[in-house]
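Every chain is numbered from 1 and lettered A, B, ... according to where its sequence line falls, protein lines coming before strand lines. Hydrogens, waters and symmetry mates are skipped; everything else that's a heavy atom, side chains included, is used.
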2 protein chains.
Amino acid sequence: MSDHAHSETERLLREARLYSTACRRATLGVLLGSDRPLSQAQIADQFRDGGFNKVSIYRTLASLVEVGLVHKAFLHKRTWHFEAAHRCSQTQCHPHFTCTRCGATFCMTEVRMPMAQGQPRGFVILRQQVRLEGYCPGCAG
Amino acid sequence: MSDHAHSETERLLREARLYSTACRRATLGVLLGSDRPLSQAQIADQFRDGGFNKVSIYRTLASLVEVGLVHKAFLHKRTWHFEAAHRCSQTQCHPHFTCTRCGATFCMTEVRMPMAQGQPRGFVILRQQVRLEGYCPGCAG
DNA sequence: AAAAAAATGCAACTTAGTTGCAAATTCTGC
DNA sequence: GCAGAATTTGCAACTAAGTTGCATTTTTTT
Ligand SMILES: [Mn+2]
Ligand SMILES: [Mn+2]
Ligand SMILES: [Zn+2]
Ligand SMILES: [Zn+2]
């Protein structure tokens, strides 16, 4: 990670009252630089040499989610995917699209969804998450 | 299962060109009678005596999903939940609400969501799925 | 009733994610 | 900087949802 990225992740961790550790800076850096949600395995793959233990990455992700720097984006098969929260609003992330032919997933940052209206009496809706399915440009032809 | 329910599930399976078997009629019957999505384990629990092997239930669910009689509603933790498709439209199920305090999940059949608009060029959106988070009536107080 | 097609049960397996604990790192106050 | 407290990390072992291969049974077709 560059010095610039290092100080940026360090600042974010400080503000969130989290210890600034190598594993957290690296994990957050990877997610900030990704245009799509990543699984623990995909994150680990980006650590060239002397990576981190998968348990540490899982615990790092849990701490980042807890302070809101990262979101659990969705479950694909039985695997959670995570993304930095910098392109999400307080009440929802952008929708995620999965192609039912090739299985690829895309962040649909251009698609705007209004918040759900008309919840039954007594329910308080705080966040919503939208998954889209269909064919990606490569498969739609 | 009642005789009426038996003939109803049998008819649905016939129309879908699936063999009408005990495991399929029972599984479909349970889902049709449920007001919320169920996991394999929850379905199995409803088979009093002489239940079915969990592998058979999983394979039954896969066949019901394949013909569209049942939907994979959502993943909670690492567990899929299934529901009969009779209260879903062609392009989306009703939203599912999960309480972040007690963990309970509810079908929000009253909440209507418009289909996503403005997908990037080349993408074909066929279905959408909405998850809501917040506090249920019991936890909102 | 016989043959063909498909579903079922069982045991063994896979693997994402979790837990407990000892060692290492980071922070805080001097 | 340095000691001590607080927290994170790595490792090994574990958990459990879901899958696979194969022999047997059930359902459908003729
Ligand atoms: Mn997000
Ligand atoms: Mn549905
Ligand atoms: Zn595709
Ligand atoms: Zn609740």
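- Applying the side chain to side chain donor-acceptor pair (under 3.5 Å) definition to pairs two or more places apart or across chains, those involving residues 99-120 of chain A are Thr98(A)-Thr105(A).
- Connection of Val65(B) to Phe74(B) is not established within any shared hydrophobic cluster, with ILVMFWY side chains joined at heavy-atom distances below 4.5 Å, either directly or through further cluster members.
- Around the CD atom of Glu15(A), the shell of radius 6.0 Å holds more than 12 heavy atoms that belong to other residues, nucleotides or ligands.
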Please tabulate the protein-to-nucleotide N/O contacts below 3.5 Å involving nucleotides 25-28 of chain D, giving atom names and distances.
residue: dT28(D); atom: OP1; partner: Ser20(B); partner atom: N; Å: 3.3

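- Projected onto DNA chain D by closest heavy-atom contact, Trp80(B) and Ser63(A) fall at different nucleotides, the more 5' of which corresponds to Ser63(A).
- At a cut-off of 3.5 Å, with distance as the only test, a side-chain donor of Arg25(A) or Ser20(A) sits close to an acceptor on the other residue.
- The CD1-P distance, from Ile57(A) to dG17(C), rounds to 12 Å in whole Å.
- Residues Gly51(A) and Ser39(B) each lie close to DNA chain D; by heavy-atom proximity, the contact nearer the 5' end of the strand is made by Gly51(A).
- Between the side chain of Arg78(A) and the base of dA17(D) there is at least one donor-acceptor pair of N/O atoms closer than 3.5 Å.
- A donor-acceptor contact under 3.5 angstrom links the side chains of Glu83(B) and His96(B), judged on distance only.
- For the pairing with Thr27(B), the side-chain contact (heavy atoms from CB on, under 4.5 Å) check across Val70(B), Ile43(B), Leu32(B), Thr9(B) returns one residue only, Ile43(B).
- With side-chain heavy atoms closer than 4.5 Å counting as contact, directly or through intermediates, Val55(B) stands alone and belongs to no larger hydrophobic cluster.
- Across the protein-nucleic acid pair, Arg17(A) atom CZ and dT8(D) atom P stand 14 Å apart, rounded to whole Å.
- Regarding Gln42(B), its CD atom lies at a distance of 16 Å from the P atom of dA16(D), rounded to whole Å.
- Within the 4.0 angstrom heavy-atom criterion, only backbone atoms of the sugar-phosphate kind lie near Thr60(B); the bases stay farther away.
- Counting to the nearest Å, the C1' atom of dC21(C) and the CG atom of Asn53(A) are 14 Å from each other.
- In terms of phosphate contacts, Ser56(A) brings a side-chain nitrogen or oxygen within less than 4.0 Å of OP1 or OP2 of dG10(D).
- Per the geometry, CG belonging to Leu75(A) stands 10 Å off C1' belonging to dA16(C), to the nearest Å.
- The OG1 atom of Thr21(A) sits 7.5 Å away from the CZ atom of Phe52(A) when rounded to the nearest 0.5 Å.
- Counting heavy atoms from C-beta outward, Gln46(B) and Leu38(B) have side chains that approach closer than 4.5 Å.
- When the P atom of dA16(D) is taken as reference, atom CD of Gln40(B) falls 14 Å away, rounded to whole Å.
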Atom pairs under 3.5 Å, N or O on each side, protein against nucleotides 19-23 of chain D: can you list them with distances?
residue: dG21(D); atom: O6; partner: Arg59(B); partner atom: NH2; Å: 3.3

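- Note on Arg24(A): a side-chain N or O is less than 4.0 Å away from OP1 or OP2 of dT8(D).
- Across the protein-nucleic acid pair, Lys77(B) atom NZ and dG17(C) atom P stand 12 Å apart, rounded to whole Å.
- Atoms NE2 and NE2, from His71(A) and His94(A) in turn, are 10.0 Å apart once rounded to the nearest 0.5 Å.
- Tyr135(A) belongs to a hydrophobic cluster whose other members, connected by ILVMFWY side-chain contacts under 4.5 Å either directly or through intermediates, are Val124(B), Leu126(B).
- Separation of atoms CZ (Phe47(A)) and SG (Cys23(A)) is listed at 6.0 Å; rounding is to 0.5 Å.
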Atom pairs, N/O to N/O, protein against nucleotides 1-3 of chain C, distance under 3.5 Å?
none

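- Rounded to whole Å, the distance from CZ on Phe82(A) to P on dA16(C) is 13 Å.
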